Amino acid sequence: MQKFKTESKKLLDLMANSIYTNRDIFLRELISNASDAIDKLAFRSLTDTSIAEDGEELEIMISYDKDARTITISDNGIGMTRDELEENLGTIAHSGSEEFKAANADAQGSAIDIIGQFGVGFYSAFMVAKNVRVISRAAGSDETFVWESDGVEGYTIEPAAEQRPTHGTDVILTLRDEPEATEGDEERAEGFANYLSEWGLRDLVRRYSNYVRHPIRMMVTKSREKERPEDAGDDYTPEYEDYEELETLNSMTPIWRKRKQDVEQSDYDEFYKSTFHDWEDSARTIPFHVEGSLDYYALIFVPSRAPFDLYSKDYEKGLALYSSNVLIQEKCADLLPDYYNFVRGIVDSPDVHLNISRETLQQNAQLRAIAKRVERKIKSELQAMLADDREAYEGFFENFGRGLKFGIYNSYGMNASELADLLLFYSAKEKKMVTLREYVLAMPEGLDKILYAAGDSRERLEKLPAVTGAVKRGYDVLLCTQDVDEFMIQVMRTYHMDAVAGDAENAGSDARDIELANVSTADLDLATEEEKSAAEQATKDNEGLFTAMSDALEGKVSQVRVSANLTDAPACISTEGPISLEMERVMMQGPDAAMAPRAQRVLELNASHPVFEKLTAAQEAGDTEKLSLYASLLYDQALLVEGLPVDDPVEFAKNVCALM
Ligand code: ADP
Ligand code: MG
């Protein structure tokens, strides 16, 4: 006997001891494996003439034996060789269980969730079975092998006593014994009787596997009236007889080929969850059908939450691509732009050429045309969501907004026109998320820029002198707290607002480009004319002061000057040039910290603040020592307000004491 590998063992224990309410899903998992096996056969036979289909219909058969307590799921798909039985069923190698492994680290308390979340594939059979036999013959081979296990320690693989007539696999479950009903353990006490009945199995297939594209058949017993004897009189009572008939249990028409109006949302939801292993309904379902020179069906889902591995490097984006009922590629990456990598779905086109090598697919103009349409559909659906279900959209954006922002950044802004209207930012004035368009429409007279501030927390940004100053003047500031934000804004530079025809609110305002400006930029000009001339005057009057302070802050700031923008704070640090303080901070955390360019800092002073008088007084008294102390302190405290570390904490502490 071969022993199970450790992870497999853990998973099996979990299955065996599971009182998971939804153990019904075992059938779905086995059927989906059978269906995959048929897909694989169909796909292989396109290129490999040695396994040409022998005309036999590809199908999944279910049968049960009440007395022996067995259920058998058979398929005439690709089958497995001895090695494959070993590899596929002896270890956790498949996708679903990989996820299980990843999540297993903290699985103790949440084991049950995991089953629900990922569907753990083949091993789920052990939730209901005490013994599982897998009899398989690989396509192109004439040997049949039997894999058998009681799901505890290990398994055996042996040549079958009897050959399977064709390629394919039978999975035979011997159900566990009926539990004794004990109080408080109703779940277990429910038993397995359902699984040994026609209606129970039919119900499970309808519920979980209705849209499997291959026929799922079962021999069912039906009743019919016996033929009436010739001489039947008026008082004849009809007689009935049972007969057996092979019935197809599933609807088979793929759900994406059905017309939208013929499908219930709950069917889409069930399909989405079982196909894409999510346990929440999708946020949006987008079915569409395109006819013309290129004919195709698509069914696209925007998930409610990010798949748990979205940000791992193993994550693969893509839509499933079918052609003429054959799954060509499970994740066709070319059908989705990177920034919609979280989108799930299926594209089915009889027109896509079946010369199936990745290269040809990639260059395929048809695929590009489909991808373009898919992208447009996703965008308009997201815009619709933004317009008519703001709350849901905000939830969506919280999950996936970062990806959209990277989409703009990574394309050097080329995707900005595509994505800018999908972005949300936190407004310092409105205290809620707003779009760029909303910002512009609410912009007061006299402002021709979209102001933003970037930093690591909203609370801190709200208190920044540059922000409070701008808000006090009636301007709104977008508070950006994601690492990618400012990098994205830098490549965007402007927001292009389209004029919306028929938008009353926006009537008269033509399409235009509006600059995005960091509220902490040195040359930003928010002040009134009077304030500006006062500041200019103060600059002129105090040239000596600024020179002295610049000298004191040699190497730290490129300039000291009066700012007309400040209202309450005595000083702030702004920057000149392309690198802001926040970008510097983000880059300093990156791998190339040593090479990261530094922000060019300017110390800005508020000439109407009492502190300014102290400075001029020290300057007039010729007290350079005091002035240099003040300069250091003002600089350091401005850094602290920005949330940045002071250059030399010891020096800072000393300075504070000296002042006291
Ligand atoms: P997954 O389906 O996610 O890959 P499973 O645990 O359901 O994981 O199955 C493990 C593997 O066993 C499959 O990937 C497949 O290679 C193989 N397998 C399971 N059932 C069958 C079957 N009926 N026919 C052929 N191969 C199968
Ligand atoms: Mg599976």
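Side chains included, hydrogens not; waters and symmetry mates left out as well; all remaining heavy atoms used. This structure is a prediction, so every number in the text was calculated from the model and none was measured. Atoms within each ligand, like the ligands themselves, are counted from 1 in listed order.
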Test of proximity, [X] against ligand 1: N or O pairs below 3.5 Å:
X: Asp75; result: yes
X: Asn88; result: yes
X: Asn33; result: yes

Worksheet item: Is it the case that Arg176 places NZ or CZ above or below the six-membered ring of Phe192, under 6.0 angstrom from the centre and within 45 degrees of the axis?
Response: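 No, Arg176 and Phe192 do not form such a contact.
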Item to complete: Indicate, with yes or no, if the rings of Phe271 and Tyr268 have centres closer together than 6.0 Å.
Response: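 Phe271 vs Tyr268: aromatic centres not under 6.0 Å.
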Practice prompt. Indicate yes or no: does Arg133 engage Asp170 in a salt bridge with an N to O separation below 4.0 Å.
Written response: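 Not counted as a salt bridge, because no side-chain N and carboxylate O are separated by less than 4.0 Å.
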Worksheet entry | Salt-bridge contact Lys331-Glu316 (side-chain N to carboxylate O under 4.0 Å) |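 Salt bridge between Lys331 and Glu316, a charged N being under 4.0 Å from a carboxylate O: no.
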Fill in: Heavy-atom gap Lys40 to ligand 1 smaller than 4.0 Å
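Under 4.0 Å: yes for Lys40.
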Worksheet item: Of all the atoms in Asn33, is at least one N, O or S atom closer to the Mg ion (ligand 2) than 2.8 Å?
Response: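 So Asn33 does bind the Mg ion (ligand 2) by this criterion.
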Fill in: Proximity of Leu89 to ligand 1 by residue part, where a heavy atom lies under 4.0 Å
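It is the side chain that touches ligand 1; the backbone stays farther off.
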Fill in: Glu29, portion touching ligand 1 at heavy-atom distance under 4.0 Å
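None of Glu29 does.
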Practice prompt. Output the list of atoms in ligand 1 that are nearer than 4.0 Å to some heavy atom of Met80, sorted by atom number.
Written response: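 What qualifies from ligand 1 is 17 (C), 18 (N), 21 (C), 25 (C), 26 (N), 27 (C).
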Fill in: Closest to atom 25 (C) of ligand 1 (judged by heavy-atom distance), picking from Ala37, Ala125, Ser136
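It is Ala37 that holds the nearest heavy atom.
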Worksheet entry | Qualifying salt bridge (Lys or Arg N to Asp or Glu O under 4.0 Å) pairs, either residue in residues 140-154, two or more places apart |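 Counting only pairs at least two positions apart or across chains, no salt bridge (Lys or Arg N to Asp or Glu O under 4.0 Å) contact touches residues 140-154.
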Fill in: Tyr155: ring pair (Phe, Tyr, Trp, His ring centres under 6.0 Å) partners, not counting sequence neighbours
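Once residues adjacent in sequence are excluded, the partners of Tyr155 under the ring pair (Phe, Tyr, Trp, His ring centres under 6.0 Å) criterion are Phe4, Trp147.
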Fill in: Expected output: side-chain Arg82 to main-chain Phe145 donor-acceptor under 3.5 Å
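No; zero donor-acceptor contacts below 3.5 Å.
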